[in-house]
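Heads up, the thing below is written out as structure tokens.
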Amino acid sequence: RAGRRRDQSPPGRRVDPLEHVGLALGEQCGQHPVGDHGRHVDAGLVAALTSTVAIGASAVAVRARRAVRRTTAELERLAAHDAVSDLPNRSGLRGWLEADLAGAAGQTTEIGLLLIDLERFRHVNDMFGREVGDQLIRGVADRIRSVLGPGDRLARFGGDEFALVSSGLTGTSGLASHAARLIGLI
């Protein structure tokens, strides 16, 4: 090899760029021969690369934990949410009622619950199909949402049923006027 520069290879030999990098690093730092090509690797470089891999693995673990938390939160939301109407479902309603009843204990305000049942909804599904039935459910949910007050919350209770929780009432007259307005609206 005498008289030949390091970056030149004998004819027909493929150039290994890592060989040259290893040689250059080995010449500058503490040398450790590696492999049969006489390459040298710096122990500090190996330690730095190992640290980088460890940091990368930690970052992957953090991203994985975040993804699990996001997925868990989404599953919990879906478990208490109706996909068709984009309203809380029966499970979400139960949570509201428990919280509202606990909060109203010892107060003079009342909580009202209206159950809204769409008559002959099954006939709509049977005659026109589930897609039209789902559109009807979304339309009814949107109409009811449009008249909700600040203390009102709406949930889809079942297939063709909705539940309206109204808090802050001072008697049944507020709930009765709600019911009359919803009947006219639907």
Measure the shortest side-chain to side-chain distance between Arg122 and Asp160 over non-hydrogen atoms and say whether it is less than 4.5 angstrom.
no
Kindly indicate whether the side chain of His178, heavy atoms from C-beta on, has any atom under 4.5 Å from the side chain of Ser166.
yes
Spacing of [X] atom [atom1] and [Y] atom [atom2] [to the nearest 0.5 Å]:
X	Y	atom1	atom2	result
Ile186	Phe162	CD1	CZ	7.5 Å
Leu118	Ile116	CG	CD1	8.0 Å
Phe157	Leu113	CZ	CG	7.5 Å
Leu164	Leu115	CG	CG	9.5 Å
Leu154	Ile144	CG	CD1	5.0 Å
Ile137	Asn125	CD1	CG	8.0 Å

Regarding Asp142 and Arg138, does a basic nitrogen lie under 4.0 Å from an acidic carboxylate oxygen?
no
With side chain to side chain contact (heavy atoms under 4.5 Å, CB included) as the criterion, how do Val165 and Asp152 come out once you've worked through the C-alpha distance, each side chain's angles and the decisive distance to 0.1 Å?
CA-CA 6 Å; Val165 178; Asp152 298 334; over 6 Å; no
As a quick check of understanding, evaluate side chain to side chain contact (heavy atoms under 4.5 Å, CB included) for Arg94 and Asn89, giving each step before the final call.
CA-CA 9 Å; Arg94 182 180 306 121; Asn89 61 15; over 6 Å; no
For Arg145 and Leu87, what are the C-alpha separation, side-chain angles and deciding distance, and is it a side chain to side chain contact (heavy atoms under 4.5 Å, CB included)?
CA-CA 10 Å; Arg145 268 193 215 117; Leu87 291 171; 3.3 Å; yes
Atom of [X], atom of [Y] and distance for their closest heavy-atom approach:
X	Y	answer
Leu175	Gly112	CD2-CA, 3.8 Å
Glu161	Asp117	CG-OD1, 3.7 Å
Ser85	Ala141	CB-CB, 4.1 Å
Ala155	Trp96	CB-CZ3, 4.0 Å
Arg156	Val84	NH1-CB, 3.5 Å

Between Arg69 and Thr72 (side chain of the first, backbone of the second, donor and acceptor by atom type, cut-off under 3.5 Å), is there such a pair?
no
State whether a side-chain donor-acceptor pair under 3.5 Å links Arg120 with His123.
no
Using the rule that Ile, Leu, Val, Met, Phe, Trp and Tyr join whenever any side-chain heavy atoms are under 4.5 Å apart, tell me whether Ile183 and Leu185 fall into a single cluster.
no
Is atom CZ of Arg143 surrounded by more than 12 heavy atoms (other residues, nucleotides or ligands) closer than 6.0 Å?
no
